[in-house]
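Letters A, B, ... are given to chains in the order of the sequence lines, protein chains preceding strands, and every chain is numbered from 1. Computed from a predicted model, the values in this text were never measured in an experiment.
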Number of protein chains: 2
Amino acid sequence: MRRTKQRQAILNQLLSSDGPLSVNEVHERASSELSGLGMATVYRTIKALKDEGVISVVELPGEDPRYESAELGHHHHFRCLSCEQTFDLGACPVGIPRGTTLPGGYTVEDHSLTLYGRCAACPAN
Amino acid sequence: MRRTKQRQAILNQLLSSDGPLSVNEVHERASSELSGLGMATVYRTIKALKDEGVISVVELPGEDPRYESAELGHHHHFRCLSCEQTFDLGACPVGIPRGTTLPGGYTVEDHSLTLYGRCAACPAN
DNA sequence: GTAGATGCAAACGCTTTGCCGCTTA
DNA sequence: TAAGCGGCAAAGCGTTTGCATCTAC
């Protein structure tokens, strides 16, 4: 994979963010670093980075897919209802180990949790 | 709202399912009850039922929106990785009350949890 | 009889693809 | 200098809308 200024800008944004970014967010932020950046390039580059395993997809309920470094392990996300930014969280508060069987015969292999509320920068009202 | 056979069929499917249904799933199932049912009708009817508060939207990560009876209270969903059906779950295993503040200053108001695995009807391999 | 509902097809918005000139190694 | 990459514009695809016809009330 070639090292171009477009890819540099896109990867910069993805790796320096404190939460996963959508295609639009990447485009906005990377454009301010490199104006004229095309949308198609962002789509193609994100796809390539994903295929190479550099970034991974974060799917949140009702949101466009977001992308973040693939280095991060199992973690969940917090979405601020005020500023609509999405942040990474550390701890996992879900006490359901792999292999647990729930009433109804559902065997759990994985889970996805998203928390909603207000981030530190957004006042309570 | 008028009582037509199309709406009857659509509502039937939504209320009798044991999990939320996507627009496509509603269309498939309702079509078998009433062939010739148009996609636009399904979209329009679902929108109307939602606006009236009869059904509510269920957004799962990476999935098209699904719809289910609005009567159901706070609950979560289980997605079978084998048959790709989505089921309602009863208990909520997330021990984070509203108002909890997490490290980083995130104040939690709500959450969304989806479990993945195998349903009772799908053998382990 | 009439307002509202349906089905078809066109419009729409976002993502992907084709093409060709430009750039990196 | 040659394969890869970027930008533009066209193609795709799922959802929404306009319109004429039909139907529940």
How close or far is atom [atom2] of [N] from atom [atom1] of [X], stated in whole angstroms?
X     : N      : atom1 : atom2 : result
B:D51 : C:dG4  : CG    : C1'   : 16 Å
A:D64 : D:dG14 : CG    : P     : 16 Å
A:K47 : C:dT17 : NZ    : C1'   : 12 Å
A:Q8  : D:dG4  : CD    : C1'   : 17 Å
B:L34 : D:dT23 : CG    : P     : 12 Å
A:L11 : D:dC5  : CG    : P     : 14 Å

Worksheet item: When the nearest nucleotide of DNA chain D is assigned to A:T41 and to B:A40 on a heavy-atom basis, which residue is associated with the more 5' position?
Response: A:T41
[X] side-chain proximity, nearest of [options]:
X     : options               : answer
B:R2  : C:dG7, C:dT24, D:dC25 : D:dC25
A:Q6  : D:dG7, D:dA24, C:dT24 : D:dG7
A:L37 : D:dG7, D:dC5, D:dT17  : D:dG7
B:K5  : D:dT17, D:dC8, D:dA24 : D:dA24
A:T4  : D:dC5, D:dG18, D:dC8  : D:dC5
B:M1  : D:dG7, C:dA5, C:dG7   : C:dA5

Practice prompt. Name the nucleic acid region contacted by B:M39, choosing base, sugar-phosphate or nothing; use a 4.0 angstrom heavy-atom cut-off, strictly under.
Written response: nothing
Discussion item. Any base atoms under 4.0 Å from B:R3, or only sugar-phosphate, or nothing? Heavy atoms, all strands.
Written reply: sugar-phosphate
Worksheet item: Are any of the side-chain heavy atoms of B:F87 and B:C80 separated by less than 4.5 Å?
Response: yes
Discussion item. Is the shortest side-chain heavy-atom distance between A:L21 and A:Q13 below 4.5 Å?
Written reply: yes
Item to complete: Let me see the working for A:E59 and A:R66 under salt bridge (Lys or Arg N to Asp or Glu O under 4.0 Å), right down to the final yes or no.
Response: CA-CA 6 Å; A:E59 312 261 23; A:R66 292 185 145 70; over 6 Å; no
Item to complete: Answer yes if the side chains of B:E33 and B:Q8 hold a donor-acceptor pair under 3.5 Å, and no otherwise.
Response: no
Discussion item. I want to check one thing: is the phosphate of C:dG7, taken as OP1 and OP2, less than 4.0 Å away from some side-chain N or O of B:R44?
Written reply: no
Worksheet entry | Side-chain donor or acceptor of A:S31 paired with backbone N/O of A:H27 under 3.5 Å | yes
